[in-house]
Amino acid sequence: QVQLVESGGGLVQAGGSLRLSCAASGRTFSSYVMGWFRQAPGKEREFLAAISWSGSSTYYADSVKGRFTISRDNAKNTVYLQMSSLKPEDTAVYYCAAQWGRALRSYEYDYWGQGTQVTVSS
């Protein structure tokens with residue numbers, strides 16, 4: 001069982017940056033692939049990025065490649081999403097998630113956080 005709590009959301013101007021954090025409970029955090037998703041009002045949830053258990057491999061959606069960076073600190077049980085060059089269309093609730101035993105490119109996750117709101121003003 002893994003519990004996830006996101007933080008770091010807020011209001012930012014277009015072109016700005018923001019770093020989201022996701023703190024995980026449980027001793028086996030380092031065993032999980034971690035991912036970030038987002039959901040804008042009226043839209044389906046969208047995959048953004050994933051990182052392997054060791055942090056050595058990452059995978060990004062084309063929509064955020066080059067602007068967002070996922071990283072993790074297993075000693076702190078935390079995964080991050082550094083977002084730069086933000087656009088109004090990045091406005092959404094951002095979720096972190098954890099999965100075990102599937103490929104890095106799988107969109108199927110087992111545990112989810114409650115989400116944090118990111119609003120990008122134009």
Side-chain angles (χ1 to χ4, degrees):
Q1 187 81 10
V2 177
Q3 293 184 332
L4 305 171
V5 179
E6 302 95 336
S7 62
L11 176 64
V12 62
Q13 289 188 335
S17 298
L18 208 58
R19 188 177 81 158
L20 305 182
S21 299
C22 174
S25 65
R27 300 179 182 178
T28 58
F29 171 77
S30 60
S31 300
Y32 287 85
V33 169
M34 300 298 297
W36 284 96
F37 292 74
R38 69 185 178 191
Q39 188 165 21
K43 294 188 177 181
E44 294 187 352
R45 187 169 60 200
E46 176 188 13
F47 167 83
L48 300 176
I51 188 166
S52 63
W53 65 270
S54 66
S56 61
S57 298
T58 56
Y59 171 55
Y60 294 93
D62 288 342
S63 60
V64 302
K65 196 177 297 182
R67 296 192 301 125
F68 291 9
T69 301
I70 189 171
S71 61
R72 68 190 295 164
D73 185 338
N74 287 341
K76 295 183 178 180
N77 278 14
T78 303
V79 63
Y80 305 97
L81 186 69
Q82 178 68 46
M83 306 184 293
S84 60
S85 302
L86 284 163
K87 308 172 184 179
E89 50 264 44
D90 293 319
T91 296
V93 177
Y94 283 69
Y95 299 90
C96 73
Q99 59 105 327
W100 183 87
R102 303 183 190 91
L104 186 64
R105 297 185 176 220
S106 171
Y107 295 162
E108 188 175 351
Y109 279 70
D110 304 302
Y111 303 102
W112 295 84
Q114 83 291 346
T116 186
Q117 176 71 46
V118 172
T119 303
V120 183
S121 63
S122 56

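Just so you know, these numbers use all the heavy atoms, side chains as well, and skip hydrogens, waters and symmetry mates.
Contacts classified as salt bridge (Lys or Arg N to Asp or Glu O under 4.0 Å) and involving residues 106-122 (residues at least two apart or in different chains) are given here: Arg102-Glu108, Arg102-Asp110. Legend: side-chain hydrogen bond (donor to acceptor under 3.5 Å, both in side chains) pairs involving residues 64-76, not counting sequence neighbours, sorted by first then second residue: Asp62-Lys65, Arg67-Asp90, Arg72-Asn74.
Remark: Trp112 engages Phe37 in a ring pair (Phe, Tyr, Trp, His ring centres under 6.0 Å) (not counting sequence neighbours). Looking at residues two or more places apart in sequence or on another chain, you find a side chain to side chain donor-acceptor pair (under 3.5 Å) between Ser56 and Ser54.
The OH atom of Tyr80 lies 9.0 Å from the OG atom of Ser7; values are rounded to the nearest 0.5 Å. In this structure, CZ on Phe68 lies 4.0 Å from OH on Tyr94, to the nearest 0.5 angstrom.
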Which donor-acceptor pairs under 3.5 Å do side chains of residues 39-47 form with protein atoms, sequence neighbours excluded?
unit_1: Gln39; atom_1: NE2; unit_2: Lys43; atom_2: O; d: 3.0
unit_1: Glu46; atom_1: OE1; unit_2: Arg38; atom_2: NE; d: 2.8
unit_1: Glu46; atom_1: OE1; unit_2: Arg38; atom_2: NH2; d: 3.3
unit_1: Glu46; atom_1: OE2; unit_2: Ser63; atom_2: OG; d: 2.9

Could you give the side-chain donor-acceptor pairs of residues 16-26 under 3.5 Å, partners two or more places apart or in another chain?
unit_1: Ser25; atom_1: OG; unit_2: Gln3; atom_2: N; d: 3.1

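Remark: side-chain polar atoms of Gln114 are not paired, donor with acceptor, to backbone N or O of Val5 under 3.5 angstrom. The main-chain N or O of Ile70 is found under 3.5 Å from a side-chain atom of Tyr60 such that the two form a donor-acceptor pair. Looking only at distances, no side-chain donor or acceptor of Thr58 sits under 3.5 Å from a matching main-chain atom of Ile51.
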Practice problem: Show your working on side chain to side chain contact (heavy atoms under 4.5 Å, CB included) between Gln117 and Thr91 and close with a plain yes or no. | Solution: CA-CA 8 Å; Gln117 176 71 46; Thr91 296; 3.9 Å; yes
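Tyr95 and Gly113 make their closest contact through CD2-O, 3.5 Å (heavy atoms, listed as atom of the first residue, atom of the second, distance). A pairwise comparison of heavy atoms in Tyr32 and Ala98 identifies CD2-CB, 3.9 Å as the closest pair. Taking all atoms of both residues into account, the shortest heavy-atom contact from Ser122 to Ala14 is CA-CB, 4.3 Å. Contact between Gly9 and Val118 at its shortest, heavy atoms only, is CA-CG2, 4.1 Å. Of all heavy-atom pairs between Ala49 and Leu81, the closest is CB-CD1, 4.4 Å.
The shortest side-chain heavy-atom distance between Gln13 and Leu86 does not fall under the 4.5 Å cut-off. Residues Val64 and Trp36 form no side-chain contact, since every pair of their non-hydrogen atoms from C-beta on lies 4.5 Å or further apart.
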